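Input: a single structure, listed below in structure tokens.
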Amino acid sequence: MPIPPAILTPDFSTPTESVYPSPLRQTLGQSVQYIRTSTPPPEPKGAHGSADVTAQQPNGVVLTPPPTTVIEASKRLAAWTAVDRHVLPQYKVIGIGSGSTVPYVVERIVAQGREMNKDRVFIPTSFQSKELIVNAHLLLGDVDQYPIIDITIDGADEVDETLNCIKGGGACHLREKVLAEAADTFIIVADYRKNSDVLGRNFKQGVPIEVAQFAYAKLLQNVHLLGSPNAVLRMAQGKAGPVVTDNGNFVIDAPFPEEMMKDPYTLLTRLKMLTGVVEVGLFCHMAKAAYFGNQDGSLTVKWHDGRIERIDAGSSPVPQPAE
């Protein structure tokens, strides 16, 4: 396709055959820097027993300082530990989820080094994760090209005792579920607030349901009848009107009573049967493990077979913020 003349100015060169032509991306208003996040730099070699990483990322980009809050430190702890344990050298197709914990996942993957990542392809679940992949100079792929994924790492809004999850607080759960199902291994990373016995106890917003726009009114009525009388259409902040997903759909947030949330798979099945529902933010029987960073610098790992592993702060690869 011809490039618009406005782009081919004397100050910018024609795109090359490289994966991400920097001049073109800069012309389109993109930056070679990371997206602005609270993501900390990896620790220098040998510090705190961490892996051999550098404080700088590709093209000399220096990331933001380490987190200064317990919650952010907990997110980083979960993300870094999960990457260290599960993103193995032999894995070449990696799914990258969405949410506030995921920038730490990408950063730790980048810290594994250019040599490790040069033959890897990264599949995003959202615009956010796509930009994280591109700005980290990792190779961007698509699930159409790679329908079988070695591992997907993603966040969650809440995880119960058997690793059922609520996802979709960021309205990305359709693509997140596609990548979770496509992965041989699906890993959840989160902070301690997302660790729960029964879904809905901590995440009060309700089950996110992505629905076709033209069907939302009838679906909202059906969800009320199904047992969620307080279900509402999610409205946007900073714009007039409802939230629109990356797929052009609306989202209904449906809080259900605890007795229904104790059997999330049955609830998921009933919701999926409603005409016009695109996807439901209940992820059942999918995750292999969930990593939770705790307030004291320790880590809790829930496994799919019911095991609960506790890693004390002294064994963590991630230093804690100063008080």
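As the structure is a prediction and not an experimental result, all values here were calculated from the model.
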Between Lys272 and Glu279, does a salt bridge (charged side-chain N to carboxylate O under 4.0 Å, His left out) hold up when you go through it step by step? CA-CA 7 Å; Lys272 287 279 283 188; Glu279 192 49 76; 2.9 Å; yes
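- The aromatic rings of Trp303 and His86 are tilted relative to each other, their planes meeting at an angle between 30° and 60°.
- Put simply, Ile151 and Leu132 are part of the same group of oily side chains (I, L, V, M, F, W, Y) that touch within less than 4.5 Å, one to the next.
- Expressed to the nearest 0.5 Å, how far CG of Asn247 lies from CZ of Arg175 amounts to 4.5 Å.
- Under the side chain to side chain contact (heavy atoms under 4.5 Å, CB included) criterion, Phe256 pairs with Val207, Val223, Ser228, Ala254, Met260, Met261, Leu267, Leu271, not counting sequence neighbours.
- Taking 4.0 Å as the cut-off between side-chain N and carboxylate O, Glu161 and Lys302 do not count as a salt-bridged pair.
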TODO: Carefully, step by step, assess Ser98 and Glu176 under the rule side chain to side chain contact (heavy atoms under 4.5 Å, CB included).
DONE: CA-CA 8 Å; Ser98 307; Glu176 289 172 340; 3.3 Å; yes
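- More than 12 heavy atoms of other residues, nucleotides or ligands sit less than 6.0 Å from atom CD of Gln90.
- Between atom CG of residue Asn164 and atom NE2 of residue His285 there is a gap of 5.5 Å, rounded to the nearest 0.5 Å.
- Ile109 and Leu77 fall within the same hydrophobic cluster, defined by Ile, Leu, Val, Met, Phe, Trp and Tyr side-chain heavy atoms under 4.5 Å apart, directly or through other members.
- Residues Pro208 and Arg234 come closest through the heavy atom pair CB-NH2, 3.7 Å.
- Crowding of Leu225 atom CG: a count of heavy atoms from other residues, nucleotides or ligands under 6.0 Å exceeding 12.
- Residue Asp246 comes nearest to Ser126 through the heavy atom pair OD2-CA, 3.5 Å, listed as atom of the first residue, atom of the second, then distance.
- Atom OH of Tyr291 sits about 6.0 Å away from atom CD1 of Ile187, to the nearest 0.5 Å.
- No more than 12 heavy atoms of other residues, nucleotides or ligands shown are found within 6.0 angstrom of CZ on Arg270.
- Enclosure of atom OH in Tyr91 by more than 12 non-hydrogen atoms of other residues, nucleotides or ligands within 6.0 angstrom is indicated.
- Distance check, rounded to the nearest 0.5 Å: CD1 of Ile308 to CG of Asn195 gives 8.0 Å.
- Using a 4.5 Å cut-off between side-chain heavy atoms of Ile, Leu, Val, Met, Phe, Trp and Tyr, with links allowed through other members, Leu226 and Val232 fall into different hydrophobic clusters.
- Through direct or relayed side-chain contacts under 4.5 Å between Ile, Leu, Val, Met, Phe, Trp and Tyr, Leu163 connects to Val159, Phe186, Ile188, Phe283, Met286, Phe292.
- Following chains of ILVMFWY side-chain contacts shorter than 4.5 Å, one cannot reach Phe250 starting from Val243, and the two form parts of different hydrophobic clusters.
- In terms of heavy atoms, Leu199 sits closest to Pro264 at CD1-CB, 4.1 Å.
- To the nearest 0.5 Å, the span separating CG on Asp160 from OG on Ser196 amounts to 7.0 Å.
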Report task. Evaluate the criterion salt bridge (charged side-chain N to carboxylate O under 4.0 Å, His left out) for residue pair Glu72 and Lys75; output intermediate values, then yes/no. Result -> CA-CA 5 Å; Glu72 288 302 313; Lys75 293 176 182 179; 3.2 Å; yes
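- Residue Asn249 comes nearest to Ala212 through the heavy atom pair OD1-CA, 3.9 Å, listed as atom of the first residue, atom of the second, then distance.
- Shortest non-hydrogen contact noted between Ile149 and Leu179 is CD1-CG, 3.8 Å.
- Residues Ile252 and Ala231 come closest through the heavy atom pair CG2-CB, 4.1 Å.
- Trp80 and Met116 fall into different hydrophobic clusters, where Ile, Leu, Val, Met, Phe, Trp and Tyr are joined by side-chain heavy atoms under 4.5 Å apart, directly or via other members.
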